[in-house]
Every structure is written in structure tokens, then in C-alpha cells.
Amino acid sequence: MKSPALQYRFDGPEDAPVLILGPSLGTTWHMWDRQVPELAKQWRVFRFDLPGHGGAPAYPAGSVTELAERLLATLDGLGVQRFGYAGCALGGAIGAELALRRPERLASLTLIAASPRFGTADEFRQRGVIVRSNGLDPIARTSPERWFTQGFAAAQPAITEWAVQMVRTTDPGCYIAACEALASFDIHAELGRIGVPTLVLVGSDDQVTGPAEARTLVAGIPDARLAVVPGASHLVPVEQPAAVTDLLVRHFSTAWQQPAYDSSTGQMAVVVPQASPVVAAPQQMSPVAEIAPAAQPEAVLDRPDPYDAGIKVRREVLGDAHVDRALAQADEFSGDFQEFITRYAWGEIWDRPGLDRRSRSCVTLTALVAGGHLDELAFHTRAALRNGLTPVEIKEVLLQAAVYCGVPAANSAFKVAQQVIREETTPQE
């Protein structure tokens with residue numbers, strides 16, 4: 001199936017090299033408005049909106065890989081083959097994905113307010129539960145405090161209100177899918193394979209993906225440079241537009257051959273020392289073990305151990321925190337049971353393609369009501385919310401269970417589910 005094209009716009013000379021600017025979650029291409037006039041003097045600036053953002057068609061994309069593929073499909077349709085790329089937060093994740101999967105397309109890269117992993121999977125899936133239950137208004141109202149320093153938000157009420165409205169008008173389903181994309185994004189182990197010239201740029205006061213995450217990127221990406229912009233938080237291109245513009249111009253035009261600090265602009269760049277880096281030889285696609293003789297076909301036909309798939313599904317459904325607690329509490333007595341349910345309940349059953357996870361949650365909730373397993377009903381109610389069921393749909397499942405499992409059982413189940421739903425869907429102030 002052909003990937004749907006992204007909503008985009010061009011600025012700058014048609015014959016200039018292409019420079020792509022990627023947006024953050026909840027923003028539109030307008031977050032780059034104050035960079036475009038200067039950048040468009042040298043480049044053909046390409047901006048795009050994430051699905052369901054800024055009025056773009058609402059085709060949710062649940063992974064960073066899929067977003068990168070949609071961007072490439074859009075560029076292919078326009079005849080754009082090679083380009084520079086700068087992206088903020090989720091937009092930066094897309095840039096890193098391009099550098100890893102399609103490095104031949106990328107001339108140079110800037111990662112802004114980015115990280116090899118954005119928080120925890122639980123945090124983003126919990127945000128999806130909040131949006132599914134309450135809409136985007138709670139997220140929109142708290143966006144300025146995540147995106148801007150207090151002083152900037154107070155001094156720029158118009159920009160603050162613009163930020164709130166930008167989030168509020170995003171398609172909720174696409175926002176939830178983007179949260180899922182960030183929840184599953186983790187390139188810690190792959191940073192060393194990013195080979196394009198890379199600038200990592202971060203606001204000094206960013207509390208979302210701050211200087212610590214930026215330094216992790218620089219430490220892992222060969223020959224990457226770090227620029228820390230004073231007096232800026234997460235949406236540093238909006239809060240400090242002149243400094244960001246200057247850094248982008250210098251990086252994309254000179255590959256950081258100029259000094260790291262320019263007193264005339266007032267920005268600060270911290271460069272990681274070049275301590276005689278050891279360049280690893282290209283990995284050869286040689287086998288790590290001998291090929292089995294033809295007389296032993298069973299080695300080829302063996303089924304993969306379902307444990308790996310099981311632990312992945314278990315974490316996605318129940319959350320890292322819950323699974324980490326269960327595994328940490330396992331000892332010599334209970335460890336085999338934890339391995340058993342991971343391999344067979346999660347790896348064999350929950351990972352089967354015959355039912356989607358919403359349907360499996362409905363079946364599981366009903367079975368737990370019937371059995372009176374209220375402790376497990378609590379964490380599977382949380383799992384149902386993460387799997388996409390709304391509180392109204394969970395209520396309907398419990399009402400159905402009251403008919404077929406008994407009113408007393410459903411009465412107890414409603415009390416448990418009501419408490420879990422209240423905890424999970426109440427926005428944190």
C-alpha cells in the first residue's frame with residue numbers, strides 16, 4: 001500500500017539545495033516561521049506537518065519509521081533525492097531515523113530538543129489514555145509550561161495562546177498515534193551508525209529533553225557537535241529564533257568549520273573534544289556461527305522462542321513499570337512462573353494476529369469478572385485503556401458481564417474499574 005503523502009510547503013529558490021524542517025509533536029510547520037526568511041536565501045526550504053496536525057489529513061502513523069517513510073514518499077513524488085534535515089523533538093527522531101535507514105539521501109543533520117529515547121514508553125502511552133478520555137484540551141493547556149521558559153511565556157502571551165490553539169486543533173487520533181511512535185522509539189544502540197555531519201542543538205532550560213539527553217546523542221554519534229542555546233526551553237526555534245537560525249546557517253553551509261562560539265550573536269556552543277576517535281571497520285555480513293549441514297534441517301525449521309515477543313507485548317500492554325515490578329519480585333520460587341506467562345500468555349496468545357488488542361482486552365476483562373480476579377482486573381483495566389478502549393467502552397463490557405457473569409461479580413468489578421479509570425484519566429496539573 002502506498003504511503004499517504006504529507007502536507008508540505010516550499011519556500012526559497014526552486015534551484016537551491018533542499019533543506020527540510022521537521023516539527024515537534026503538537027506543532028505545525030509554523031513553528032519555523034522565524035527561521036524561513038534567512039534560510040530561504042540559500043536553500044529551498046521544505047516544511048511539513050505531521051498527520052492530523054495543522055489541518056493535515058488525519059492518517060495516523062504509529063511509528064517513527066512510518067513517519068520517515070511517508071516523508072520519503074512525499075519527497076520522491078516531488079523529485080527530491082538529497083537534502084539537509086533539521087527536526088525538533090519528534091521531528092528530530094524522524095531525522096535520526098532517516099540518517100540510520102537512508103543515509104544516502106541525507107547531506108547533513110541537525111537534531112533539536114531530541115533524544116535517543118524520549119522519556120519512557122509508559123509516559124507516552126499514559127498521555128494517549130488522557131487524550132482518548134479527555135480530548136486534547138488538558139494537553140493543550142499545559143503545553144506552554146513544557147515548551148517555553150516562564151519568562152518567555154509571561155512576556156509573550158500571543159505566542160503562548162498560539163501554542164495552546166495549535167495543540168487543541170490537532171486530530172486526537174493522530175496525536176495518540178504520535179505518542180505511540182515516541183513510546184516505541186529507542187536508538188541508543190544505533191547512534192554509532194549515524195554517519196552524516198550532525199549538529200545537536202538544545203535549549204539550556206529544556207526540562208523535556210535537555211542538555212543531558214543532548215550530550216548522550218553527541219557522545220554516541222561520531223563527530224557530532226553540541227550547541228546549547230541559553231535562555232530557551234523545549235521549542236528553542238520559537239523562543240530563540242535568531243540564535244537557532246544562525247546555528248543552522250553555519251552548520252548547513254560550513255559543516256562547523258567556524259569557531260564554536262560567536263560573541264556577536266550571544267549564543268554558546270559546547271563542542272565535545274575529539275579524542276582521536278577510533279573508526280570501526282564496516283560490519284561485514286558474515287555469519288556468527290557455522291552453517292549447519294544439510295543433514296540437519298531441524299535447525300532451520302525450529303520455531304523462534306516466543307519469550308522475546310512475549311516480553312515486548314507484555315510491556316506494551318501492561319507498561320514497563322508493572323512488568324519491571326513483577327520481574328523484580330520474582331525469585332527462585334516464582335521466577336519460572338513469570339517466564340511461563342511471558343512465553344505462553346503473552347508470546348503465544350496475546351501476540352496472535354487473530355484478534356486485535358482491543359478485542360483481547362474485552363475478552364480478558366470479561367473473563368476476570370467471571371473469575372472474580374479483582375487484582376488482575378485492576379491492571380487489565382489500565383491495559384484496556386492503553387490498548388485503546390475508552391471508559392465508555394469498558395463500562396459496556398462490564399454491563400455485558402453483569403448479564404452473563406452475575407450482578408455481584410459485576411458490582412465488584414465496577415468499583416475496581418471506576419477507581420482505575422479515575423486515576424488513569426485525570427490530567428495531572
Which heavy atom of [X] sits nearest a heavy atom of [Y], and at what distance?
X: Met31; Y: Pro23; result: SD-CA, 3.8 Å
X: Leu226; Y: Ala214; result: CD1-CB, 3.7 Å
X: Arg386; Y: Val317; result: NE-O, 3.1 Å
X: Arg102; Y: Leu72; result: CG-CD1, 3.7 Å
X: Glu38; Y: Val249; result: CG-CG2, 4.3 Å
X: Ala227; Y: Leu199; result: CB-CD1, 3.9 Å

Hey, is [X] close enough to [Y] for a salt bridge, meaning N to O under 4.0 Å?
X: Asp246; Y: Arg250; value: yes
X: Arg215; Y: Glu213; value: no
X: Arg47; Y: Asp11; value: yes
X: Arg101; Y: Glu190; value: yes
X: Asp320; Y: Arg117; value: yes
X: Arg127; Y: Glu123; value: no
X: Glu393; Y: Arg358; value: yes
X: Glu316; Y: Arg357; value: yes
X: Lys312; Y: Asp351; value: no

Evaluate side-chain contact (heavy atoms from CB on, under 4.5 Å) for Asp206 paired with Val236, printing each intermediate quantity in order. CA-CA 8 Å; Asp206 189 344; Val236 57; over 6 Å; no
I'd like to check the ring pair (Phe, Tyr, Trp, His ring centres under 6.0 Å) partners of [X]; sequence neighbours left out, ordered by chain and number.
X: Phe337; answer: none
X: Phe148; answer: Phe152
X: Trp29; answer: none

Does [X] reach the side chain of [Y], with side-chain heavy atoms less than 4.5 Å apart?
X: Leu100; Y: Ile194; answer: yes
X: Arg70; Y: Pro4; answer: yes
X: Pro391; Y: Leu385; answer: yes
X: Phe379; Y: Val420; answer: no
X: Glu424; Y: Arg382; answer: yes
X: Arg168; Y: Arg141; answer: yes
X: Leu90; Y: Leu67; answer: yes
X: Ile421; Y: Ile394; answer: yes

| Do Thr65 and Glu97 have side-chain N/O donor and acceptor atoms under 3.5 Å apart? |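 Side-chain D/A pair, Thr65 to Glu97: present.
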| Do Ser334 and Gln329 get their side chains close enough for a donor-acceptor pair, meaning under 3.5 Å? | no
Which distance, rounded to the nearest 0.5 Å, do you find between the [atom1] of [X] and the [atom2] of [Y]?
X: Leu191; Y: Thr216; atom1: CG; atom2: OG1; result: 8.5 Å
X: Trp346; Y: Ile311; atom1: CH2; atom2: CD1; result: 10.0 Å
X: Ile349; Y: Leu355; atom1: CD1; atom2: CG; result: 10.0 Å
X: Phe252; Y: Leu247; atom1: CZ; atom2: CG; result: 11.0 Å
X: Glu69; Y: Leu6; atom1: CD; atom2: CG; result: 11.5 Å
X: Phe124; Y: Leu25; atom1: CZ; atom2: CG; result: 7.0 Å

Audit row: Gln207, His234, side-chain contact (heavy atoms from CB on, under 4.5 Å) steps and yes/no: CA-CA 7 Å; Gln207 301 301 309; His234 193 57; over 6 Å; no
**OP:** Would you check, one step at a time, whether the test side chain to side chain donor-acceptor pair (under 3.5 Å) holds for Thr149 with Glu239?
**Re:** CA-CA 8 Å; Thr149 59; Glu239 194 160 3; 2.3 Å; yes
Less than 3.5 Å apart, which donor and acceptor atoms pair up between the side chains of residues 176-185 and the rest of the protein, not counting sequence neighbours?
from   : atom 1 : to     : atom 2 : distance (Å)
Glu180 : OE1    : Arg125 : NE     : 3.1
Glu180 : OE2    : Arg125 : NE     : 3.1
Glu180 : OE2    : Arg125 : NH2    : 2.7
Ser184 : OG     : Glu180 : O      : 3.2
Ser184 : OG     : Ala181 : O      : 3.3

(request) Could you note down all residue pairs passing ring pair (Phe, Tyr, Trp, His ring centres under 6.0 Å) where residues 39-64 supplies at least one of them, sequence neighbours left out? (result)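 Residue pairs with at least one partner in residues 39-64: Tyr8-Phe46, Phe10-Phe46.
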More than 12 heavy atoms of other residues, nucleotides or ligands under 6.0 Å from [atom1] of [X]: yes or no?
X: Asp356; atom1: CG; answer: yes
X: Gln165; atom1: CD; answer: yes
X: Arg343; atom1: CZ; answer: yes
X: Arg352; atom1: CZ; answer: no

- Task: May I ask you to decide if Ala16's main-chain N or O and Arg44's side chain share a donor-acceptor pair within less than 3.5 Å?
- Result: no
**Study point:** Asn387 (side chain) donor-acceptor with Ser361 (main chain) under 3.5 angstrom
**Key:**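 Side chain of Asn387 to backbone of Ser361: no pair is present.
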(Q) Let's go through Val202 and Val229 carefully: what are the C-alpha distance in whole Å and the side-chain angles of both, what is the deciding distance for side-chain contact (heavy atoms from CB on, under 4.5 Å) to 0.1 Å, and is it a yes or a no? (A) CA-CA 6 Å; Val202 66; Val229 178; over 6 Å; no
Exercise. Only one of Val313, Asp122, Val323 forms a side chain to side chain contact (heavy atoms under 4.5 Å, CB included) with Leu318, so which one is it?
Worked result: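 Only one of Val313, Asp122, Val323 forms a side chain to side chain contact (heavy atoms under 4.5 Å, CB included) with Leu318, namely Val323.
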Q.
Go through it in stages, so that I can follow the logic: the residues are Thr342 and Arg314, the test is side chain to side chain donor-acceptor pair (under 3.5 Å), and I'd like the CA-CA distance, side-chain angles, deciding distance and then a yes or no.
A. CA-CA 7 Å; Thr342 298; Arg314 189 179 180 187; 2.7 Å; yes
Assess the residue pair Leu389 and Cys362 against the criterion (side-chain contact (heavy atoms from CB on, under 4.5 Å)); give the C-alpha distance rounded to whole Å, side-chain angles, the decisive distance to 0.1 Å, and a yes or no. CA-CA 9 Å; Leu389 290 179; Cys362 291; 4.0 Å; yes
Report task. List the steps and the verdict of salt bridge (charged side-chain N to carboxylate O under 4.0 Å, His left out) for Arg9 and Asp49. Result -> CA-CA 9 Å; Arg9 67 169 291 166; Asp49 279 328; over 6 Å; no
With sequence neighbours excluded, give me every side-chain hydrogen bond (donor to acceptor under 3.5 Å, both in side chains) pair touching residues 73-84.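 Output for this query lists Asp76-Arg105.
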